[in-house]
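Here the structure comes first, spelled out in structure tokens, and everything after it is commentary.
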Protein chains: 2
Amino acid sequence: MSHNSEQEDHDLPVEGNSVSFSKTRREHSTEIMEDYVEAIADLIFESGEARVVELSRRIGVTHVTVTRTIDRLEKAGYVICPPYRAIFLTEKGNALARSCKERHQIVVAFLHSLGISEQTANLDAEGIEHHVSTETLQAFKHHLALLHKVTL
Amino acid sequence: MSHNSEQEDHDLPVEGNSVSFSKTRREHSTEIMEDYVEAIADLIFESGEARVVELSRRIGVTHVTVTRTIDRLEKAGYVICPPYRAIFLTEKGNALARSCKERHQIVVAFLHSLGISEQTANLDAEGIEHHVSTETLQAFKHHLALLHKVTL
DNA sequence: TCCTTAATGTAGCCTATGCTACATTCTGCA
DNA sequence: TGCAGAATGTAGCATAGGCTACATTAAGGA
Ligand SMILES: [Mn+2]
Ligand SMILES: [Mn+2]
Ligand SMILES: [Mn+2]
Ligand SMILES: [Mn+2]
């Protein structure tokens, strides 16, 4: 997380191609946080509260992994997690969850609009969403809007 | 790499949503290899050989990181790397490089066809490519083919 | 109320992927 | 032919994100 990332040191001149790889690495360091806050928001909406066990079932990792990730989320200011209690989203966490959920839905809808099956759209979107820039997201939205008009 | 991934243990019942997260995690464990073999193939094509320094410039990490990743690639049978010499692709490595390059180009072309700038298309594709299933890749190709026809 | 059991916490292990600092080897030019 | 500097190798450190095994706490039914 606290890596240099954009280096202009003597060892690592930033050269054309490396920019995209840096971007991808940067996105990878935030995508787990994004998926967690989104899942937490979903759980709160669906069942009133987000518990570690339930999160671990959703995400498919052990409760230990969830606990340590939640620690990081707490340090980063996205959640509050009192011992033996549920996980609560901060305002910052809620904002992130909202924008991630919206982006997720747009990506799914876009893939679906290309004729991709619901199943595959959902599977692929979970990974793709984290690498979609604002410009690309806008293009997806635009495409969906066009389709909507044509279908009328 | 050697994690269970698809678990049917008592602790971790596979539940609907977790499948997509597992898929994403699986893809992350292979994407660095994919980007490396592709970059190695490019370097060999462009300058006759792939050296660690040049790779480290391309990818934007130190030569140490490259060296250790190359070790893993060698153990996995994608490259051969004699001490103080260049990096050579095995048949397996060459095959992977080819299919990654093709996929990469399709993703870039597809994004570009949505009106996304060349720059952004290149940036986003570097991350998106690894999360595109066969079905989605086919849909991208199909979309491009349609556009091609319309443009004629 | 108590006690079983589910949920949560903690210790300790692993791999992947970054880094710096330093050692070694190669290579091209004087 | 030597040697300076570039390339490569290696030691050691950090963090993220997986895991198992075991300890502790909370909650609900008998
Ligand atoms: Mn996701
Ligand atoms: Mn998501
Ligand atoms: Mn990714
Ligand atoms: Mn890539």
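Computation of the quantities below employed the complete heavy-atom set of this structure, encompassing side-chain atoms and omitting hydrogens, waters and symmetry-equivalent molecules. Residue numbers start from 1 in every chain, and the chains themselves are labelled A, B, ... in the order their sequence lines are given, proteins ahead of strands. Everything numeric here is computed off the predicted structure, so don't read it as measured data.
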Candidate nucleotides C:dT10, D:dT8, C:dC19, ranked by approach to the side chain of B:Val53 - the nearest
D:dT8

Tell me which nucleotide among D:dC19, C:dG18, C:dT20 gets nearest to the side chain of A:Thr62.
D:dC19

In whole angstrom, what separates A:Lys75's NZ from D:dG17's P?
13 Å

Would you say CD of B:Gln119 has more than 12 non-hydrogen atoms from neighbouring residues, nucleotides or ligands within 6.0 angstrom?
no

Can you tell me how far the CG atom of B:Leu55 sits from the OG atom of A:Ser18, to the nearest 0.5 Å?
12.5 Å

Roughly, in whole Å, what's the span from CZ in A:Arg68 to P in D:dT15?
12 Å

Quiz question: by atom type and distance under 3.5 Å, do the side chains of A:His104 and A:Glu129 form a donor-acceptor pair?
yes

May I ask you to decide whether A:Glu102 forms a salt bridge with A:Arg98, counting only side-chain N to carboxylate O separations under 4.0 Å?
no

Separation of C:dG9 P from A:His63 NE2 (nearest whole Å):
8 Å

With side-chain hydrogen bond (donor to acceptor under 3.5 Å, both in side chains) as the criterion, how do A:Glu27 and A:His130 come out once you've worked through the C-alpha distance, each side chain's angles and the decisive distance to 0.1 Å?
CA-CA 6 Å; A:Glu27 287 159 350; A:His130 309 281; over 6 Å; no

Of all heavy-atom pairs linking B:Leu111 and B:Ala125, the shortest is CD1-N, 4.0 Å

Which parts of residues 78-89 of chain B get close to DNA chain D, meaning a heavy atom less than 4.0 angstrom away?
B:Pro83, B:Tyr84

Among D:dG17, D:dT10, C:dA7, which is the nearest nucleotide to the side chain of B:Thr67?
D:dT10

Length of the line joining A:Tyr36:OH and D:dG17:C1', which is rounded to integer Å
8 Å

With a cut-off of less than 4.0 Å, is there a side-chain N or O of B:Thr65 near OP1 or OP2 of C:dT17?
no

Measure the distance from CG on B:Leu55 to C1' on D:dT8 and round it to the nearest whole Å.
13 Å

Could you check how far CZ of B:Arg26 sits from C1' of D:dG18, rounded to whole Å?
15 Å

Residues touching DNA chain C, which here means a heavy atom under 4.0 Å, drawn from residues 42-52 of chain A
A:Arg51, A:Val52

Would you please indicate yes or no on a ring centroid separation below 6.0 angstrom for B:His143 and A:His143?
yes

Would you mind reading off the distance between A:His28 atom NE2 and D:dT15 atom C1', rounded to a whole angstrom?
16 Å

Go through the structure and list residues passing side-chain hydrogen bond (donor to acceptor under 3.5 Å, both in side chains) with A:Ser133, not counting sequence neighbours.
A:Thr136, B:Asp124

From CD1 of A:Ile70 across to C1' of C:dA7 the rounded distance in Å is 15 Å

How are the rings of B:Phe110 and B:Phe140 set to each other: parallel, tilted or perpendicular (split at 30° and 60°)?
parallel

